[in-house]
Amino acid sequence: MTFDNARILLKADAIEKTFRGNRVLDGISMDVHAGEVIALIGPSGAGKSTFLRCLNYLEQPTGGSLHLDGEPVFADPLKPAKSELLSLRRRVGMVFQTFNLFPHLSVVENVTMAQRLNGLRSTSEAEEYALKLLAQVGVEEKAEARPSECSGGQQQRIAIARALSQDPELMLFDEPTSALDPEVGNDVLRVMRDLADAGTTMIVVTHEMRFAERVADRVLLLDEGRILEEGPPERVFRHPEHARTSRFLHAVLDR
Amino acid sequence: MTFLADWAEWLPSLLQGLGTSLLLTLCVAGIGFPLGLGLALLSIAPARIVRILSIAFIEIFRGIPLLVVIFFAYFGFPDIELVISAFATIVVAHSLNLGAYSSEVFRAGILHVGPGQREAARSLGLTPWHAFSRVVLPQALRAVPGPLMSFLIMVFQSTSLAFAIGVGEMTSQAFSIGSMTFDYLSVLVLAGIIYAIICVVSARIVARFEAKMRT
């Protein structure tokens, strides 16, 4: 284990989400230890992305609570204060399936903007740090380019650098390679594996079973808004407890 | 070819009127476009009452013909003890009209920025103001110059309505020449040619600019 078992970084308690009477998340609880890598897998519509988005309140849960480092994130989880939201999002980085880089800014500006606006670093420090992050994800030669001049794989790695620029304690990845061709997707997965090896705490919604198996410390299989199966990858993949899990794994591995 | 001699004689005063027309266009754009942006922002504001009021304002000034607005202002302002020049009256009335129309362009530009951009900005912990001013607005404004320049051409043409309250722009000048020479048709043809040249040339420039923006 590469992570510190004793320290729970994020505690999600009975997270619920209802969309117009439709129960998408049915009370999901999860402890994430510092340094741990969690893969969220499951059939589409299981609520994986919704759950991930509840963790930084891009979706506001309709029930349940979050704790970061032992402290409640919100005084009232159903009425988040603006300052609580900002603080949560500055501590939790997110990478989207569709990258969502800012097209009107250069690559390096994409990575410096939030650092400067959030008062994290001065302009020159932010720039220096951004170039370091871009080198770390292997796109430093594109620093002055526009996102539109970069390939999809490069854009996603830039998006990772942008999220890292806030020095997040936790990184969320929402199907980061689903919009990419397999070979460029591998570049992104390599960067994510490096992050995991460096001790970054990560929650990854993914359909990349091989990545989940090799990199994740723990796999959570969601189905119909609940955790169906949970455990180390070798157990979930080799000896699932539920027939539903084996059916899902067969379906994705047969593709 | 006697009309050419007439035209040469009339040209200076028409060009003087043209100067006024262009100045009007500039003033109207300078007030109307910022007003349009402001109205667009209000029309998507979080507070429902603000949205309703601003959309009502937009619909009213899009609904009333510009000439009617001009007359409202011209005859209405003195009733509320507001005495301003005819030129200023035109600028106010025309700016309200342009603001209402151009707000739709700004609004479309803002709504065109996809939800992914807003989510990315929020996920970075940007304040709502920074997310709007640094991420959404700059992208929204990139989409509007083409349509706004087309508006500018229409504004230039409709400055001719200023003639109705005696502002000495090009159409008024043409009319006063006509009233002296009784050669209305000839002088209006000349004025029409000048309007057309300016509009056609501007439209070509806009088209070229838009093509360049697309690449």
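The structure displayed is predicted, hence computed values, not measured ones. To find a chain, count down the sequence lines: A is the first, B the second, and so on, and within it residues start at 1.
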Counting only N and O atoms by type, is there a donor-acceptor contact under 3.5 Å from the side chain of [X] to the main-chain atoms of [Y]?
{"X": "A/Asn100", "Y": "B/Ala120", "answer": "no"}
{"X": "A/Arg89", "Y": "B/Leu124", "answer": "no"}
{"X": "B/Gln117", "Y": "A/Leu101", "answer": "yes"}

Chain B contact via [X] - which portion, at a heavy-atom distance below 4.5 Å:
{"X": "A/Tyr57", "answer": "backbone"}
{"X": "A/Arg53", "answer": "side chain"}
{"X": "A/Pro168", "answer": "neither"}
{"X": "A/Val95", "answer": "neither"}

Subject >> B/Phe72 atom CZ, neighbour heavy-atom count above 12 within 6.0 Å >> reply: no
Subject >> Residue A/Glu128 excluded, over 12 heavy atoms near CD under 6.0 Å >> reply: no
Original post:
Out of B/Gly114, B/Ala121, B/Gly116, B/Ser123, which one racks up the most heavy-atom pairs below 4.5 Å with chain A?
Top reply: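 The option with the most such pairs is B/Ser123.
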Original post:
Of the backbone (N, CA, C, O) and the side chain (C-beta and beyond), which part of B/Arg122 lies under 4.5 Å from a heavy atom of chain A, both, or neither?
Top reply: both
Original post:
Does some side-chain heavy atom of B/His130 sit less than 4.5 Å from a side-chain heavy atom of A/Met113?
Top reply: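 SC-SC contact between A/Met113 and B/His130 ruled out.
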Subject >> 4.5 Å side-chain heavy-atom contact, B/Pro138 and A/Phe102 >> reply: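 They are not in contact (no side-chain heavy atoms under 4.5 Å apart), so the answer is no.
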**OP:** Identify the two heavy atoms, one from B/Thr127 and one from A/Arg90, that lie closest to each other, and give their separation to 0.1 Å.
**Re:** CG2-NH2, 4.1 Å
Original post:
In Å and rounded to the nearest 0.5 Å, what is the CZ to CD distance from B/Arg134 to A/Glu109?
Top reply: 11.0 Å
